[in-house]
2 protein chains.
Amino acid sequence: MTAFRRPEPDEVARVTTTAVELLEVVWGRTSTAPTSASQLRVLHILGHHNGINLRTLTEHLASTPSSTSRLCDRLQAAGFVERVPSPENRREVRLHLSGRGRAFLADLRARRERELQKVLADMPASKRIALLEGLESFCATAATQIHDDAPDSGSRSA
Amino acid sequence: MTAFRRPEPDEVARVTTTAVELLEVVWGRTSTAPTSASQLRVLHILGHHNGINLRTLTEHLASTPSSTSRLCDRLQAAGFVERVPSPENRREVRLHLSGRGRAFLADLRARRERELQKVLADMPASKRIALLEGLESFCATAATQIHDDAPDSGSRSA
DNA sequence: TATTGTTATACTCTATAACTATA
DNA sequence: TATAGTTATAGAGTATAACAATA
């Protein structure tokens, strides 16, 4: 039934863009209080790279050391993040997710997935299979490209 | 080959969440300068609802009249948006996307789709078909739910 | 001297409250 | 009086520049 569909990248790109815009609406109802979008990004990054220094976090954010330092000030005051002086290099600080920060992240992710499930549950099973297959391939491809494009921190121009 | 996959909503939800996080990285390289994320939302909304008043825009943003007014101040100063006094009700202003604003939106969308295509082009055609099918079903389902949940503006509690 | 991080200053974004003008 | 919009004030987020401490 879909043998004659054109799976051209441009058509899939349009549909994907629309899907993400709809998802933003769905997730917009999932409150992230008391953290802002910026603070959330920091928590996400620390969730995957616990103990990195401020410079590395700044690169992940594509931000500046100053902004990142101020963000950490507030996250630390809120009890989500801890600054620990590096034992190896006394210039550096190690940024850690606190237990409270970790719990908050897990809860948010669970709530987002529940919102998503409300939509997915209303889809035909065959479409869910197709979506799963397509997204798994997308994730694998995107992850490869991202990794290849940004090997370490070679481009200082950003 | 996928006959035994579990297309359960929770599994698809996890993969979708991962896909969106990767997409944010891909699109993070698509600069939206000189507009911020907030200004971009306004342009998007005006792109779909040109000529709405400030109150309606505020509801779409789930923001406050004050913040929205300030946002419009800057967008107007930048030449992306125009404020026109309503001929019907002298209390209201009509918000319009300028030609420049419209061109900016079209250009951004094109650049995002190009970034997306870089990933999609590296995927097997069969996976693109699956992704397309799955996303189309997702969009249709999400749009229906969003419309049903928010019929007009019945809930003032938000 | 180069690197890590913070502080000084300024602008955008956001919100609550107070205000003006219209209905 | 209720509604549409703006302005006053304050806090969060961001950036550039200047700074201290360490390597």
Side-chain angles (χ1 to χ4, degrees), chain A residues 28 31-46 49 51-96 152-154 156-158, chain B residues 24 28 31-46 49 51-96 152-153 156-158:
Chain A
S31 167
T32 64
T35 60
S36 68
S38 300
Q39 293 180 346
L40 214 50
R41 285 184 71 199
V42 173
L43 298 187
H44 269 119
I45 291 168
L46 292 185
H49 308 282
I52 60 177
N53 66 10
L54 191 137
R55 214 81 191 181
T56 307
L57 175 59
T58 298
E59 285 173 12
H60 276 93
L61 291 171
S63 181
T64 62
S66 146
S67 301
T68 307
S69 185
R70 283 285 143 82
L71 256 179
C72 289
D73 287 349
R74 290 182 276 259
L75 282 167
Q76 189 171 24
F80 288 114
V81 164
E82 293 160 3
R83 266 189 259 226
V84 180
S86 168
E88 301 170 353
N89 186 331
R90 291 202 296 168
R91 286 183 303 194
E92 298 183 4
V93 292
R94 297 285 176 80
L95 300 167
H96 291 274
D152 244 280
S153 57
R156 299 289 170 83
S157 60
Chain B
E24 284 172 356
S31 168
T32 63
T35 59
S36 68
S38 299
Q39 292 179 349
L40 213 51
R41 286 184 71 200
V42 173
L43 298 186
H44 269 118
I45 291 167
L46 292 184
H49 308 282
I52 60 177
N53 66 10
L54 192 137
R55 214 82 190 180
T56 307
L57 175 59
T58 298
E59 285 173 10
H60 277 94
L61 292 171
S63 181
T64 61
S66 145
S67 301
T68 307
S69 184
R70 284 283 142 86
L71 257 178
C72 289
D73 287 348
R74 291 181 276 259
L75 282 168
Q76 189 171 24
F80 288 114
V81 165
E82 292 160 3
R83 266 189 260 226
V84 180
S86 168
E88 301 171 354
N89 186 332
R90 291 203 296 168
R91 287 182 302 193
E92 298 184 4
V93 292
R94 297 283 176 82
L95 300 167
H96 292 274
D152 245 281
S153 56
R156 297 290 170 82
S157 60

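Each chain gets a letter, A, B and so on, in the order the sequences are listed, and its residues count up from 1. No experiment lies behind these values; they were computed from the predicted model shown.
Between Gly51(B) and His96(B), the shortest heavy-atom contact is CA-CE1, 3.8 Å. Between Val81(A) and Leu43(A), the shortest heavy-atom contact is CG2-CD2, 3.9 Å. Nearest approach of Gln39(A) to Leu75(A), heavy atoms of both residues: CB-CD2, 3.6 Å.
Side-chain contact between Arg94(B) and Glu88(B): present, with at least one pair of heavy atoms (C-beta onward) separated by less than 4.5 Å. Counting heavy atoms from C-beta on, the side chains of His60(B) and His49(B) come closer than 4.5 Å.
Among the protein residues, Ser38(B) comes within range of the sugar-phosphate backbone only, with heavy atoms under 4.0 Å from sugar or phosphate atoms but none that close to a base. Across all strands, Ser63(B) comes closer than 4.0 Å only to sugar-phosphate atoms, never to a base (heavy-atom distances). Heavy atoms of Ser36(B) sit under 4.0 angstrom from primed sugar atoms or phosphate atoms, though from no base atom.
On the nucleic acid side, DNA chain D contacts chain B at distances under 4.0 Å to non-hydrogen atoms, with the end points of that region at dA2(D) to dT9(D).
Distance, Leu57(A) CG to dG5(C) P: 10 Å, rounded to whole Å. Note: CD (Glu92(A)) to P (dA2(C)) measures 19 Å, nearest angstrom. The nearest whole Å value for the distance from the CG atom in Leu95(A) to the P atom in dT6(C) is 8 Å. Here dC13(C) presents its C1' atom at 12 Å from CG of Asp73(B), a figure rounded to the nearest Å. Counting to the nearest Å, the P atom of dT14(C) and the CD atom of Gln39(A) are 15 Å from each other. The CZ atom of Arg70(B) sits 12 Å away from the C1' atom of dA15(C) (whole-angstrom rounding). In this structure, the CG atom of Leu71(A) is 19 Å from the P atom of dT12(C), given to the nearest Å.
Within 3.5 Å, no donor on the side chain of Arg91(A) pairs with an acceptor on the base of dT4(C), nor the reverse. Put simply, the side chain of Arg55(A) and the base of dT4(C) share no donor and acceptor less than 3.5 Å apart.
Against DNA chain C, the stretch residues 78-90 of chain B makes heavy-atom approaches under 4.0 Å through Asn89(B), Arg90(B).
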Audit row: Arg83(A), Glu92(A), salt bridge (charged side-chain N to carboxylate O under 4.0 Å, His left out) steps and yes/no: CA-CA 10 Å; Arg83(A) 266 189 259 226; Glu92(A) 298 183 4; over 6 Å; no
Audit row: Asn89(A), Ser86(A), side-chain hydrogen bond (donor to acceptor under 3.5 Å, both in side chains) steps and yes/no: CA-CA 6 Å; Asn89(A) 186 331; Ser86(A) 168; over 6 Å; no
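Checked by atom type, the side-chain pair Ser69(B)/Ser66(B) shows no donor-acceptor distance below 3.5 Å.
Toward the 5' end of DNA chain D, the nearer of the two residues Ser66(B) and Ser66(A), judged by each one's closest nucleotide, is Ser66(B).
Shown are Leu71(A), Leu57(A), Thr68(A); of these, the side chain to side chain contact (heavy atoms under 4.5 Å, CB included) with Ser63(A) is made only by Thr68(A).
Contact check, Ser69(A) against dG5(C): no side-chain N or O comes under 4.0 Å of OP1 or OP2.
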